[in-house]
Peer 1: 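Handing you this structure, nothing more for now.
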There are 2 protein chains.
Amino acid sequence: MAQAIPFRQASPLKASCHQCSLSNLCLPLAIEENDLDRLEDIVQQGRIFNRGEHIFDQSTPYRSCFAVKSGSIKTSIITENGEEQVTGFFMPGELVGLDSIGSEHYACTAKALERTSVCEFPMEKLEELTGKLPELQHHMYHLMSQEIQNSHQLAMLLSKNTAEERIAALLLSLSSRFQRRRMSPTNFSLPMARNDIANFLGLAVETVSRVFTRFQNQGIIKARGREVELLDIEALQMVSREFSRQCNS
Amino acid sequence: MAQAIPFRQASPLKASCHQCSLSNLCLPLAIEENDLDRLEDIVQQGRIFNRGEHIFDQSTPYRSCFAVKSGSIKTSIITENGEEQVTGFFMPGELVGLDSIGSEHYACTAKALERTSVCEFPMEKLEELTGKLPELQHHMYHLMSQEIQNSHQLAMLLSKNTAEERIAALLLSLSSRFQRRRMSPTNFSLPMARNDIANFLGLAVETVSRVFTRFQNQGIIKARGREVELLDIEALQMVSREFSRQCNS
DNA sequence: CGTCCGATTTGATCCATGTCAACTATGTAC
DNA sequence: GTACATAGTTGACATGGATCAAATCGGACG
């Protein structure tokens, strides 16, 4: 139940970053075509996790960061008094585990929200490689700093915005992230439960639910369970007045 | 009023990281004695800013990150609709500007809270250097990831904790940061205004004020203006039940 | 197809904190 | 020293969202 079964070890072990459809979102985007092999040498591709399985656990020795290939992941931290705080949702092309790079242990737990495949980058080797490829190093810095900015953005959302604004911002963030992957920005299904949304946004589940129905009554969205359709993106941007850069992850 | 006057260009221009009392908190801690010169080659030491002066401005092209030598700095971001969100406070030995590394522009504005001296690390050169010194690179990763963790910690504080808990956590964070510098962990003066505290913690100024007096009435702290004395640290840790790792910046 | 359990929704009530307003203290300029 | 501005405190009141409770939905499984 908790074991990831590597499952037909992805056809050729090295399905290769060259052909990966996400290469323009993921690490390869920072790498020259001819250096790409060096990244492929260290990456372990196509590990698969079922819904609910942990990709890594908080306080466990840090080994790798992971790129989402398909599916989605949620990260969360558990406090001393046992409360959970969801710190981010990660979609294909995004990197998980940046918040612990350079640390001894994972700072959070990463859990598959659905059947999810990831590429694993052993950090030791990745650090070695970034030492040799300035472009890659720069990109890592960039990714990490964006993670900081996202988190600040989230903090801001939490401290200054109403429930409606927070939820609008989240929907818009998801929308633009789907769009980046050339999927519909208006029609998608939420990878996470209401509970996770509530936790992430610092709200009670009941409030999330109420806001969803309110938005629906106003004709801004249509939602049935996790299926969501954004009917009026501009209205959403209005609500989330801060035009939601990304409240995300 | 807005110009930083370099002010007697710190005695010898290179006061040197070797003798800096903060070298065990700052970047040098990751560097071998004999490589330290290479860091000194790129750092510009001892720039001084008066209270209220900007070290750098949001949306300005990114050039450098800065280490606080003395004094203190607050960083904040301004949203499209003109609201300010304080994202962190930085004390001696801490690095400012990590949230923009690898980006084209500064993601926030950094402002001196009092007369403050900083060391400037031009990022271009620093990236070059981290490419050559694996230890330093690792340390940069570590610092950045900690920044992410701190920010997550802050988000958590904002989304799950009461006003009292937030303020207790902040006081404890400051306390431990003073202690690291071998200053009194119980007797210090707050570098920032109530307003900044309120903004940072997502509260109204009035609430901050009220909590301070409440703590005072309970004999947990003594506060007169910015002078603070923590009378009962354990009580504070009790209040901030999550034993406040660091809620800080 | 019915059962069960978790997820989601809806309703009623309460409270922590925001907001507005007034007052006080502190500091700075003349 | 006086005056004005800025920062901090205190009080009264309003409210968004939490909490508690209960109903409904939906999917997994036999």
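Per chain, numbering begins at 1; letters A, B, ... match sequence-line order.
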Peer 1: Assuming nearest nucleotide by heavy-atom distance, tell me which of A:V208 and A:R224 is located more 5' along DNA chain D.
Peer 2: A:V208
Peer 1: Send over the distance from A:E227 CD to D:dG27 P, rounded to a whole Å.
Peer 2: 10 Å
Peer 1: Taking CG from A:N195 and C1' from C:dT9, how many angstroms apart are they, rounded to a whole number?
Peer 2: 13 Å
Peer 1: Using only atom types and a distance under 3.5 Å, with no angle test, would you say the side chain of A:E227 pairs donor to acceptor with the backbone of A:R224?
Peer 2: no
Peer 1: Tell me which nucleotide among D:dA18, C:dT8, D:dG8 gets nearest to the side chain of A:L203.
Peer 2: D:dA18
Peer 1: For the pair made of CG in A:L158 and P in C:dG18, what is the distance, rounded to whole Å?
Peer 2: 14 Å
Peer 1: Roughly how many Å is it from CD in B:E165 to P in C:dA16, rounded to a whole number?
Peer 2: 12 Å
Peer 1: Under the 3.5 Å rule, do the base of D:dT19 and the side chain of A:R210 count as making a donor-acceptor pair?
Peer 2: yes
Peer 1: Between the side-chain atoms of A:R194 and the base atoms of C:dG6, is any donor-acceptor pair under 3.5 Å?
Peer 2: no
Peer 1: Round to a whole Å and report the spacing from CD1 of A:I197 to C1' of C:dT8.
Peer 2: 11 Å
Peer 1: Looking only at the side chain of A:E206 (C-beta and beyond, no hydrogens), which of the listed nucleotides C:dT8, D:dT10, D:dT19 gets closest?
Peer 2: D:dT19
Peer 1: Does a side-chain N or O of A:T207 approach OP1 or OP2 of D:dA18 to a distance below 4.0 Å, or not?
Peer 2: yes
Peer 1: Do B:R180 and B:E94 sit within salt-bridge range, that is, some charged N less than 4.0 Å from a carboxylate O?
Peer 2: yes
Peer 1: Check the distance between D:dT9's P and B:R226's CZ and give it to me in whole angstrom.
Peer 2: 11 Å
Peer 1: Give the rounded distance in Å between these two atoms: NZ of B:K160 and P of C:dA16.
Peer 2: 19 Å
Peer 1: Is any side-chain heavy atom of A:F215 closer than 4.5 Å to a side-chain heavy atom of A:I167?
Peer 2: yes
Peer 1: Let me know the distance between CD of B:E164 and P of C:dA16, rounded to the nearest Å.
Peer 2: 10 Å
Peer 1: Only counting residues at least two apart or in another chain, list the ones meeting side chain to side chain contact (heavy atoms under 4.5 Å, CB included) with A:I197.
Peer 2: A:L170, A:L190, A:M192, A:L201, A:V208, A:F212
Peer 1: Which is it for B:F66 and B:F56 under the ring-ring contact (aromatic ring centres under 6.0 Å, His included) test, yes or no, and what are the steps along the way?
Peer 2: CA-CA 10 Å; B:F66 297 82; B:F56 54 77; 5.8 Å; yes
Peer 1: Touch check for B:A204, heavy atoms < 4.0 angstrom, all strands: base, sugar-phosphate only, or nothing?
Peer 2: base
Peer 1: Between the side-chain atoms of A:R214 and the base atoms of C:dT10, is any donor-acceptor pair under 3.5 Å?
Peer 2: no
Peer 1: Does a side-chain N or O of A:T213 approach OP1 or OP2 of C:dT10 to a distance below 4.0 Å, or not?
Peer 2: yes
